[in-house]
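Let me begin by presenting the structure, written as structure tokens, before commenting on it.
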Amino acid sequence: MIETVDLLIRQQGQPERVVRLREGVTRIGRAEDNDIVLSDVGISRRHALVVVSRDQVRVEDLGSGNGTLHKGFRVQNQALEDGDELWIDPFLLQVKVRGVVRKPGGESTLPPTYGVSARLEVVAGNGISKSSFPVPPRGLSIGRSETRDVVVPDPAASRHHCSVLPRDNGWFLKDMGSANGVSVNGARVREVVLADGDRIRIGNTEFRFTVGDAGLTDSTTHRVGGVRVRDSVTPVAVARQAGRPGWFWMAVTAGVCAGLFALLLLIGGVGIGVWQWKVHHQVAALPEPAGPRWTLTLPPESNDTADAHTLLQTGLEALKSGDNRAALMSFYRALGKEPGKPAAERLAYAAGEYLILERLTKDLQDAASKQALRERRRDELLGRRTKKDAARELERDYADDPVVMKAMGWRDSKVALGERERLDRALRALSEKKWADGLVDLDALLVDTRRGPVREDALKGRTAARQGLALLTAADWRAGVLAETKGNVDEARSAYRRVLAQDPTNVSAKRRLQRLGG
């Protein structure tokens, strides 16, 4: 019976933390709503779970990007004992258990697929063509990151694209939240049971899944230099079996890794360029929004040699000096260097909001200047109102202006009164924050009226309504865009529907829903 479980958290240069784990599930990750928050860019938002029962402690990896290591190997689901250490880069977590931990007791600790060999054979793919990868009992991770079991040098591949995992005497493939998705036999899937001969495609890379191989006794062995080696064998042990000194194989491994890293940098640069071109053309295909427009043009990435940290500091200095445009450009570049970096995302959102507010403030100042010019023009016309051209201009442009009506002795017509009532009704809707209702009324009024003052007030009200709708739908709009980039189509559709429920006039949301089939 387990009495207490403590988790010691160590990080270089930081004081040690001790967390008492309660019975049940403890969530670990970078997101603030986890039970244990590990603040580092290398930690996934939902990284792992520690499950404590009365007689057992287990850790379960949640498909994290950099993985959870136990005794030097990545694990998906692992029983823990007193003193066991978990490496979640850059954190070392040690489990301290007081009491008796139940051991399996004759129960097999191997997955049901143990003894059944399975392989991934590369059918097509630059850089890894004609390669073959045995699938060990713990499963196989696939992606662009060099920490994956199968490294796919394809711009369409995510860092942790998908995994092949054991399940009920077979294997299944699971999409780990990739951006471009994974297809099996031509159909895009999130999770599917694999059969012998299935074709798995990631971008331009295609694998064939095969079960059973006469050349292997089980799925945990492969050959290195003619020597059969198990996954747990170290490079030095391989060297001894092959009759080579340890430093020879370590040097070969280092050279191959350096070459792959350089190749990945080159392919990654091309991939970013293709992605930017694709996004540019998708945005260009959207309908032109009504109201004011502004653009942000980034200089070519090829001229940008600064790292993400330097770009963040440059952006902060620009924010302090009030140059919101330069700050936003720096934060976007930082995100280009390290996509998904939380600090860069938050600062980019803030700089973007400041830039929008800056433009809106300028628009309001311009509107105030125009109003002042209009009033000066009115006073000039009133000074010579007895002249025929001045009287005609006053009647055309200032029919509802109280100053003009009093000076000219005019009475409001029924048409003018009706337009003023419609304007007041729309402005009351805006004061009650019914932005969509007010915007519809104001758009209809602007189609019907030709009277200067009514149009001026309606245009001001329409600008306020669009600003209110933008603030009201900002969270759902951002959630939809982020979900779409991650391939979560259902979540993106729901977000865009929420945007349209609040702003039925939002043409961009309608187009995105049509593109997503919803």
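Numbers here are sequence positions counted from 1. What you are looking at is a predicted structure, and each value in this text was computed from that prediction instead of being measured. Values below: all heavy atoms of this structure, side chains included; hydrogens, waters and symmetry mates excluded.
A donor-acceptor pair under 3.5 Å links the side-chain atoms of Arg144 to the main chain of Ala157, judged by distance alone. Side-chain atoms of Asn506 never come within 3.5 Å of backbone atoms of Leu500 as a donor-acceptor pair (strictly under, hydrogens ignored). With hydrogens and angles ignored, the 3.5 Å screen pairs no side-chain donor or acceptor of Arg512 with any backbone N or O of Tyr496. Formation of a donor-acceptor pair under 3.5 Å by the Arg17 side chain with backbone atoms of Val19 is not found in this model.
Listed by chain and number, the residues in a salt bridge (Lys or Arg N to Asp or Glu O under 4.0 Å) with Asp149 are Arg138 (sequence neighbours excluded).
The pair Arg498-Asp476 counts as a salt bridge, with a side-chain nitrogen and a carboxylate oxygen less than 4.0 angstrom apart. In this structure, Arg515 pairs ionically with Glu484, as a charged nitrogen and a carboxylate oxygen lie closer than 4.0 Å.
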request  = Just do the side chain to side chain contact (heavy atoms under 4.5 Å, CB included) check on Asp503 and Trp435 with the steps written out, would you?
outcome  = CA-CA 8 Å; Asp503 180 14; Trp435 309 111; over 6 Å; no

request  = Evaluate the side chain to side chain contact (heavy atoms under 4.5 Å, CB included) criterion for residues Leu93 and Leu8: first the C-alpha distance (whole Å), next the side-chain angles of each, then the deciding distance (0.1 Å), finally the verdict.
outcome  = CA-CA 6 Å; Leu93 282 60; Leu8 282 63; over 6 Å; no

key: Trace of the side chain to side chain contact (heavy atoms under 4.5 Å, CB included) decision for Phe331 with Leu335   = CA-CA 6 Å; Phe331 297 144; Leu335 285 172; 5.7 Å; no

ask   = side chain to side chain contact (heavy atoms under 4.5 Å, CB included) between Leu513 and Arg497: does it pass, once the steps are laid out?
value = CA-CA 8 Å; Leu513 267 178; Arg497 289 192 188 107; 3.9 Å; yes

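Environment of CZ in Arg30: crowded, with over 12 heavy atoms of neighbouring residues, nucleotides or ligands closer than 6.0 Å. Environment of OH in Tyr354: sparse, with no more than 12 heavy atoms of neighbouring residues, nucleotides or ligands closer than 6.0 Å. The environment of Glu16 atom CD is dense: over 12 non-hydrogen atoms of other residues, nucleotides or ligands sit within 6.0 angstrom.
Counting only N and O atoms by type, the side chains of Ser132 and Arg119 include a donor and acceptor under 3.5 Å apart. Side chain to side chain, Gln76 and Asp61 fail the donor-acceptor criterion of an N or O pair below 3.5 Å. Side chain to side chain, Gln78 and Arg58 fail the donor-acceptor criterion of an N or O pair below 3.5 Å. Side-chain atoms of Asp198 and Asn185 include a donor-acceptor pair closer than 3.5 Å.
Summarising the geometry, atom CZ belonging to Arg478 is positioned 9.0 Å from atom CD belonging to Glu345; distances are rounded to the nearest 0.5 Å. Rounding to the nearest 0.5 Å places CG of Asp307 at 13.0 Å from CZ of Arg333. In this structure, the separation between CG on Asp84 and NE2 on His70 is 3.5 Å, given to the nearest 0.5 Å. Taking CG of Asn34 as the reference point, atom OG1 of Thr26 lies at 10.5 Å (rounded to 0.5 Å). Rounding to the nearest 0.5 Å gives a distance of 9.5 Å between CZ of Phe91 and CG of Asp89. Interatomic distance, CG of Asp55 versus CD1 of Ile2, reported as 6.5 Å (0.5 Å rounding).
For the pair Leu120 and Arg208, the minimum side-chain heavy-atom distance is 4.5 Å or more. Between Val189 and Leu173, some side-chain heavy-atom pair lies under the 4.5 Å cut-off. Contact of the Gln11 side chain with the Ile9 side chain is not registered, since no non-hydrogen atoms from C-beta on lie closer than 4.5 Å. When side chains are defined from C-beta on, Thr68 does not count as touching Trp87, because their heavy atoms never get closer than 4.5 Å. Using a 4.5 Å heavy-atom cutoff, the side chains of Ile202 and His161 are in contact. Two residues are said to be in side-chain contact when any heavy atoms from C-beta on lie closer than 4.5 Å; Glu206 and Val122 fail this criterion.
Pairs of residues two or more places apart, or lying in two chains, that qualify as salt bridge (Lys or Arg N to Asp or Glu O under 4.0 Å) and include a residue from residues 185-196 are Arg167-Glu191, Asp175-Arg190.
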Distance-only criterion, 3.5 Å: show the donor-acceptor pairs between side-chain atoms of residues 40-50 and protein atoms not counting sequence neighbours.
residue, atom, partner, partner atom, Å
Asp40, OD2, Gly42, N, 2.9
Ser44, OG, Gly65, N, 2.9
Arg46, NH1, Asp33, OD1, 3.2
Arg46, NH2, Asp33, OD1, 3.3
Arg46, NH2, Asp33, OD2, 2.8
His47, ND1, Ser44, N, 3.1
His47, NE2, Ser64, OG, 3.2
His47, NE2, Gly67, O, 3.1

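Remark: Arg199 is not positioned above the aromatic ring of Phe209, lacking an NZ or CZ atom under 6.0 angstrom from the ring centre and at most 45 degrees off the axis.
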